[in-house]
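What follows is one structure encoded as structure tokens, with my remarks underneath.
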Amino acid sequence: MVKTLFSEVKEYKASSFLSMLFAFLEVLVDTLIPLQMARIIDFGISASNFNQVLYHGSWMLVLVLAGLLFGILAGKFSAKASTGFAYNLRDSMFSNIQTFSFGNIDKFSTGGLITRLTTDVTNIQNAYQMVIRICVRAPMNGICAIIMALIISPKITMVFLVAIAFLGCILFAIIHKVKPIFEKVFKTYDGLNECAQENIIGVRVVKSYVREEYETNKFSKIAGKLASLSINAEKILAFNMPAVILTANGCILGISWFGAKLVTTNELTTGEMTSLFAYIMTILMSLMMISMIFVMLSMSIASGERICKVLEEKSFISNPDNPVKTVPDGSIDFENVTFAYSHSLSLLESSEEFRAKHHWEKENISKDVLSDINIHINSGETIGIVGGTGSGKTTFVNLISRLYDVKSGAVKVGGIDVRNYDIEVLRNSVSVVLQKNLLFSGSILENLRWGNEDATEDECREACKTACADEFIEKFPDKYQTFIEQGGTNVSGGQRQRLCIARALLKKPRILILDDSTSAVDTATDSKIRKAFRENIPDTTKLIIAQRINSVKDADKIIVLENGIITGFGPHEELVKTNSFYKAMYENQTQNNDDFDIGE
């Protein structure tokens, strides 16, 4: 863990070193100040020599100013190093998250990733700042003070050593008890963030179902658990300060007792006795700071382990050696394909976090979602995909753009196994409009250019025309400069779907996949979109997952999936005659008039 975290210090190593150097110099200067004080008392005040008071007093002032300067520089460089370290951690984590496959993303909750990027990194930042400054200053202060005390009186120094051993045992016991609690605290933070995020994103649903009280109670329950855990941790940490104070008072009593005897026997001067008390306070302050460091480290260890899990996570899917850089055409082949999530998520089978999140048992994630799929789709064909809930429709199309890898067999695009392609090249050639349509805050034009950042406004308009989005965009006062709220909440579901389709078209893909992406669009507009596809992108292979038969009946062929198995593949008229599932679905929809023009 330490090696992984320290590798992210990078360009801030120099600032870290300078912070420790100036902290060390500050300690050396502070250590000499009590010595100068002893000389003022012994050579100046006791001897009634004012010149010695001025001489040693001047040197003492110089040391104080030097200590102040070194302290300021140590603080400046420690702040620079710690904030830079935090920046690198967040940047590296976020960059690594972008490489994750769907399987990796499933391993972490959204709230968990947010907590790692925020709270956990802040804990590490604070701990690192303490390590490069206080962790140098405190032990060095204590060591230098003990050395000076040994020089003055080896006998009395034994009191310090006993006190340090006593306090060390107490601190070890506190950390041993509190670390498991902090691990639970940060896991609860994950749940709290996830609850808050889910509620805010779905606030319209919450209000429409009058579930405010339920959501408030759910949030309060998690917040209450977090408070309870934090209180338990603080109860244990509360022993820290009394232990330090007990040790400090014990030291003062011990040194007063033994020191008084040594002064009366002239083994110790009054000035040396005074400096010993100063060194006592220095050592005890060092112990207090060290105890604070241990408390912070006990928190940061749990955070560091969580951060390292993200930094060390490797994508289940990676580029092969010498990947293919060109997709010849949009033909698709499934050859004896079997897929199970246990294959792509093999690392998750032992993950308690994942199992707790999804409430899955090992046998459930080991079950084959697709079994022995064999199919050939010609480039430019329009293929419909229908099936019941959980039949494997979305999984089927996810394999085409290699969002998951197959358990056995091969998926080919353009006659080449998708595992042999450069991932970026493959996914740029396969546009997917997912079930959950997501728009980002920004103008309509900015959202469209997610499909192609170099697209001209004319190209964006043409894509919107094909997706039948131009008709509502032109009605907005700002047209293509209309601002879209986060998640596209200020446009309707159907409008959001058409914008996402237009965004996908701007990639000019070899294959276009619509995963139930016109479900919120009225049948008349759905028909217009399909017609536009036939006329404007005839060479693009189109795969349309739909619940409405009307959305796919004009397709060249239709795939019928039942429990991960293809039970039918052919045109609409043929399937109505030969496939009982498809026939029942078609008759149910037509008899119930599910395909009338509902408008928007």
Side-chain angles (χ1 to χ4, degrees), residues 91-108 113 309-348 369-370 373 375 377 379 392-438 440 449-455 500 503-515 517 540-543 545:
D91 186 61
S92 294
M93 272 200 292
F94 193 80
S95 297
N96 198 38
I97 290 168
Q98 303 312 303
T99 69
F100 286 178
S101 67
F102 277 22
N104 298 101
I105 293 169
D106 289 340
K107 191 173 181 180
F108 302 95
L113 289 174
K309 285 181 181 178
V310 177
L311 290 174
E312 294 171 353
E313 182 77 10
K314 301 297 182 185
S315 177
F316 298 159
I317 296 174
S318 58
N319 271 339
D321 296 330
N322 303 313
V324 177
K325 296 285 187 177
T326 305
V327 179
D329 57 54
S331 63
I332 302 168
D333 292 281
F334 277 65
E335 298 178 354
N336 303 313
V337 169
T338 297
F339 174 80
Y341 283 101
S342 61
H343 173 69
S344 287
L345 309 183
S346 58
L347 297 179
L348 305 184
V369 180
L370 296 174
I373 303 295
I375 202 163
I377 298 169
S379 183
K393 302 185 296 296
T394 298
T395 303
F396 178 87
V397 296
N398 282 343
L399 297 178
I400 297 170
S401 55
R402 207 188 168 199
L403 297 175
Y404 293 103
D405 271 340
V406 298
K407 177 180 177 181
S408 62
V411 177
K412 295 181 178 180
V413 171
I416 299 170
D417 193 318
V418 293
R419 290 169 290 194
N420 295 329
Y421 279 112
D422 177 87
I423 294 174
E424 187 174 340
V425 169
L426 174 66
R427 291 179 183 169
N428 275 330
S429 298
V430 182
S431 275
V432 184
V433 184
L434 299 170
Q435 286 175 314
K436 295 181 179 179
N437 298 285
L438 181 64
F440 298 88
R449 283 177 175 151
W450 272 70
N452 178 4
E453 61 182 354
D454 299 320
C500 289
R503 181 174 64 188
L505 291 173
L506 279 170
K507 290 177 71 174
K508 299 178 180 176
R510 297 281 191 182
I511 299 169
L512 175 64
I513 298 171
L514 303 180
D515 188 352
S517 302
T540 299
T541 305
K542 297 162 284 289
L543 276 69
I545 296 176

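Along the sequence shown, the residues carry numbers beginning at 1.
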Q. Do side-chain atoms of R419 reach the backbone of N319 as a donor and acceptor pair under 3.5 angstrom?
A. no

Q.
Taking S92's backbone N and O only, do any of them form a donor-acceptor pair with N96's side chain (distance below 3.5 Å, no angle check)?
A. no

Q: Take atom CD of Q98 as the centre, draw a 6.0 Å sphere, and report whether it contains more than 12 heavy atoms from other residues, nucleotides or ligands.
A: yes

Q. Taking everything shown except F94 itself, do over 12 heavy atoms lie less than 6.0 Å from its CZ?
A. no

Q) Which heavy atom in S429 sits nearest to a heavy atom in P509, and how many Å separate them? A) O-CB, 3.5 Å

Q. Closest approach of Y421 and V327, non-hydrogen atoms and distance?
A. CE2-CG2, 3.7 Å

Q: Begin from the C-alpha positions of R427 and L403 and carry the test side-chain contact (heavy atoms from CB on, under 4.5 Å) through to its verdict.
A: CA-CA 9 Å; R427 291 179 183 169; L403 297 175; 3.9 Å; yes

Q.
Return the CE to CG distance between M93 and D91, rounded to the nearest 0.5 Å.
A. 10.0 Å

Q) With distance as the sole test, does R503 use its side chain to make a donor-acceptor pair with the main-chain N or O of W450 at under 3.5 Å? A) no

Q.
Ignoring hydrogens, what is the shortest heavy-atom contact between L399 and F339? Give both atom names and the distance.
A. CD2-CD1, 3.8 Å

Q. Taking all non-hydrogen atoms of both residues, which atom of T541 and which atom of G330 are closest, and how far apart?
A. OG1-O, 2.7 Å

Q: Ignoring hydrogens and angles, tell me if any N or O in the side chain of K407 forms a donor-acceptor pair with the backbone of L370 under 3.5 Å.
A: no

Q) So do T540 and I511 actually touch side chain to side chain, heavy atoms under 4.5 Å? A) no

(Q) Less than 4.5 Å apart, side chain to side chain, heavy atoms only: is that true for V411 and E335? (A) no

Q. Under a 4.5 Å cut-off applied to non-hydrogen side-chain atoms, are T338 and V406 in contact?
A. no

Q. Do V413 and R510 come close enough that some side-chain heavy atom pair is under 4.5 Å?
A. no

Q. Which distance, rounded to the nearest 0.5 Å, do you find between the OG of S431 and the NZ of K507?
A. 4.0 Å

**Q.** Residue pair L514 / K542, side-chain heavy-atom distance below 4.5 Å
**A.** no

Q: Please check if the side chain of D333 supplies one atom and the backbone of G415 the other of a donor-acceptor pair under 3.5 Å.
A: no

**Q.** Minimal non-hydrogen separation, S379 against S331, with atom names
**A.** CB-N, 3.6 Å

Q) Could you go step by step and tell me if K325 and D422 meet the salt bridge (charged side-chain N to carboxylate O under 4.0 Å, His left out) rule? A) CA-CA 6 Å; K325 296 285 187 177; D422 177 87; 3.4 Å; yes

Q.
Just so I know, are the side chains of V430 and I513 near enough to count as touching, which here means a heavy-atom distance under 4.5 Å?
A. yes

Q: Could you check if a side-chain atom of I97 sits within less than 4.5 angstrom of a side-chain atom of L113, using non-hydrogen atoms only?
A: yes

**Q.** Shortest non-hydrogen contact between N452 and L506, atoms and distance
**A.** CB-O, 3.4 Å

Q: Starting at OG1 of T99, measure out to CD1 of I423 and round the result to the nearest 0.5 Å.
A: 9.0 Å

Q: Before giving the answer on side-chain contact (heavy atoms from CB on, under 4.5 Å), spell out for R402 and I317 the whole-Å C-alpha distance, their side-chain angles and the decisive distance to 0.1 Å.
A: CA-CA 8 Å; R402 207 188 168 199; I317 296 174; 3.4 Å; yes

(Q) Nearest 0.5 angstrom please: L543 CG to K393 NZ, how far? (A) 13.5 Å

Q) I400 versus F334: any side-chain heavy-atom pair under 4.5 Å? A) yes

